[in-house]
Number of protein chains: 2
Amino acid sequence: MVQADRRELPTAAELAVWREYIETASDLRARLEARLQSESGVSSADYEVMLTLSEAEGRRLRSSELAARMDWQRSRVSHHLGRMEQRGLIRREPCADDSRGAEVVLTSEGSMAFRRASVPHLRAVRELFLDAFEPEQLDDIASTAAALRRHLGSAARR
Amino acid sequence: MVQADRRELPTAAELAVWREYIETASDLRARLEARLQSESGVSSADYEVMLTLSEAEGRRLRSSELAARMDWQRSRVSHHLGRMEQRGLIRREPCADDSRGAEVVLTSEGSMAFRRASVPHLRAVRELFLDAFEPEQLDDIASTAAALRRHLGSAARR
DNA sequence: ATTCAACGATTGATGTGTCAATTACATTCC
DNA sequence: GGAATGTAATTGACACATCAATCGTTGAAT
């Protein structure tokens with residue numbers, strides 16, 4: 001394959017790769033979301049929040065720290081926590097050393113929901129994603145994804 | 001690398017690949033969306049609608065056919081077309097042979113907007129995605145994406 | 001021909017994400 | 001210690017996606 005001039009627009013072949021990549025990624029995400037929702041009754045946003053909290057030391061985080069670890073906007077976190085609080089999955093507690101802040105904690109109900117969700121979710125990751133590939137292909141995925149991340153990281157952000 | 005038992009949960013290494021894959025894909029999508037929006041004032045949903053219409057013969061489609069080609073829910077199409085019609089990008093015309101149906105057409109303003117958007121968008125695809133890879137890596141992407149699509153296609157849908 | 005199931009498309013309700021503005025507290029600097 | 005500035009988090013308005021319900025039309029069975 002000839003290296004295309006970087007100034008030119010993508011060739012048809014390049015565009016086909018692009019579309020295949022972006023469409024399968026989006027399809028995969030939708031399929032996982034659907035399984036998580038139907039098997040465990042939580043969205044992947046809920047899952048991410050619960051995962052991040054349960055990985056934190058003390059199993060609690062300031063809401064801005066939560067936002068930083070998940071790479072979400074602060075206001076998104078705020079809205080989402082509001083909804084999760086309604087459903088009894090998390091609780092907001094006033095923060096001892098900074099009375100502006102809040103600490104977010106999983107309720108026991110939230111912990112249970114997370115434990116109930118996690119094994120089926122991991123199984124779905126295996127079935128829908130990992131099982132699609134031979135070991136060498138998985139290595140290819142890892143290295144191309146890393147290359148892409150590096151590239152995006154160096155391209156001007158925001 | 002040893003082949004994991006398909007029944008087991010993912011290993012840490014496998015999960016790392018999974019996360020790298022899904023996060024970079026999502027990051028890429030967000031970056032492209034942002035460029036499309038800021039450079040051309042359209043969302044990628046708008047762009048997809050306009051692209052699909054402009055690829056159609058007669059540059060017009062029944063709205064359900066539009067939904068099928070984009071793989072969107074019908075109601076999503078309906079809502080989105082409503083908004084695009086407000087902005088003058090598309091027009092809905094009554095359908096000759098089936099008075100239940102509507103045909104969707106790009107307005108001349110819509111055509112212009114699409115032409116204005118497309119070159120910058122393709123350039124962004126090159127810069128943010130294609131330029132990240134060596135040619136062999138692009139081949140790897142193509143074949144792993146194809147494998148994934150095949151896998152997802154054969155796994156029970158919906 | 002009349003009925004009725006199927007179909008094309010829209011609608012309204014709800015949950016979600018983004019942006020800009022706001023509130024309340026904290027910190028800094030004189 | 002009081003004014004300005006900064007920071008944590010929430011709020012409201014809006015755009016968007018999904019779901020279930022709806023409306024009007026079509027087509028098929030009797």
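Each chain gets a letter, A, B and so on, in the order the sequences are listed, and its residues count up from 1. This one's a predicted model, so the numbers in the text were calculated from it and none came from an experiment.
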- Query: Of all the nucleotides listed (C:dC25, D:dA9, C:dA9), which has the minimum atom distance to the side chain of A:Ser99?
  - Reply: C:dC25
- Evaluate the ring planes of B:His80 and B:Trp72, with Trp represented by its six-membered ring, and classify them as parallel (under 30°), tilted (30 to 60°) or perpendicular (over 60°). perpendicular
- Message: Using the side-chain contact (heavy atoms from CB on, under 4.5 Å) criterion, which residues pair with B:Arg115? Sequence neighbours excluded.
- Response: B:Ser111, B:Met112
- Query: Base, sugar-phosphate, or nothing: which does A:Ser78 touch, judged by heavy atoms less than 4.0 Å apart?
  - Reply: base
- Item | Among C:dA9, D:dG24, D:dA8, the one nearest B:Arg100 by side-chain distance | D:dG24
- Mind calculating the distance between CD (A:Glu85) and C1' (D:dT11) to the nearest angstrom? 15 Å
- Give the B/S/- string for nucleotides 13-20 of chain C, one per nucleotide from 5' to 3', where a protein heavy atom under 4.0 Å of the base yields B, of only the sugar-phosphate yields S, and otherwise -. B--BSBBB
- Message: Quick test of your reading of the model: are B:Glu20 and A:Arg149 salt-bridged, counting only N-O distances below 4.0 Å?
- Response: yes
- Query: Rounded to whole angstrom units, what separation is found between the CG atom of B:Asp97 and the P atom of C:dG8?
  - Reply: 12 Å
- Message: Just the rounded figure in Å: distance from P of D:dT11 to CG of A:Leu81.
- Response: 11 Å
- When rounded to whole Å, the CD to P distance for the pair A:Glu33 and D:dC19 reads 10 Å
- Query: What's the closest nucleotide to the B:Arg62 side chain, out of D:dT25, C:dA9, C:dA26?
  - Reply: C:dA9
- Item | Ring geometry between B:Tyr21 and A:Tyr21 (parallel below 30°, tilted from 30 to 60°, perpendicular above 60°) | perpendicular
- Could you give the CD-to-P distance, from B:Gln37 to D:dC14, as a whole number of Å? 17 Å
- Query: Taking only residues two or more places apart in sequence or in another chain, which ones pass side-chain contact (heavy atoms from CB on, under 4.5 Å) with A:Arg100?
  - Reply: A:Asp98
- Message: Could you tell me how far apart B:Arg92 (CZ) and C:dA9 (P) are, to the nearest whole angstrom?
- Response: 10 Å
- What is the distance from atom CZ of B:Arg74 to atom CG of B:Leu66, rounded to the nearest 0.5 Å? 11.5 Å
- In whole angstroms, the gap separating C1' of D:dA20 from CZ of B:Arg74 amounts to 14 Å
- Indicate yes or no: at least one non-hydrogen side-chain atom of A:Arg126 is less than 4.5 angstrom from one of B:Glu14. yes
- For DNA chain C, whose closest nucleotide is more 5', that of B:Glu103 or that of A:Asp98? B:Glu103
- Message: I want to check one thing: is the phosphate of D:dA9, taken as OP1 and OP2, less than 4.0 Å away from some side-chain N or O of A:Ser64?
- Response: yes
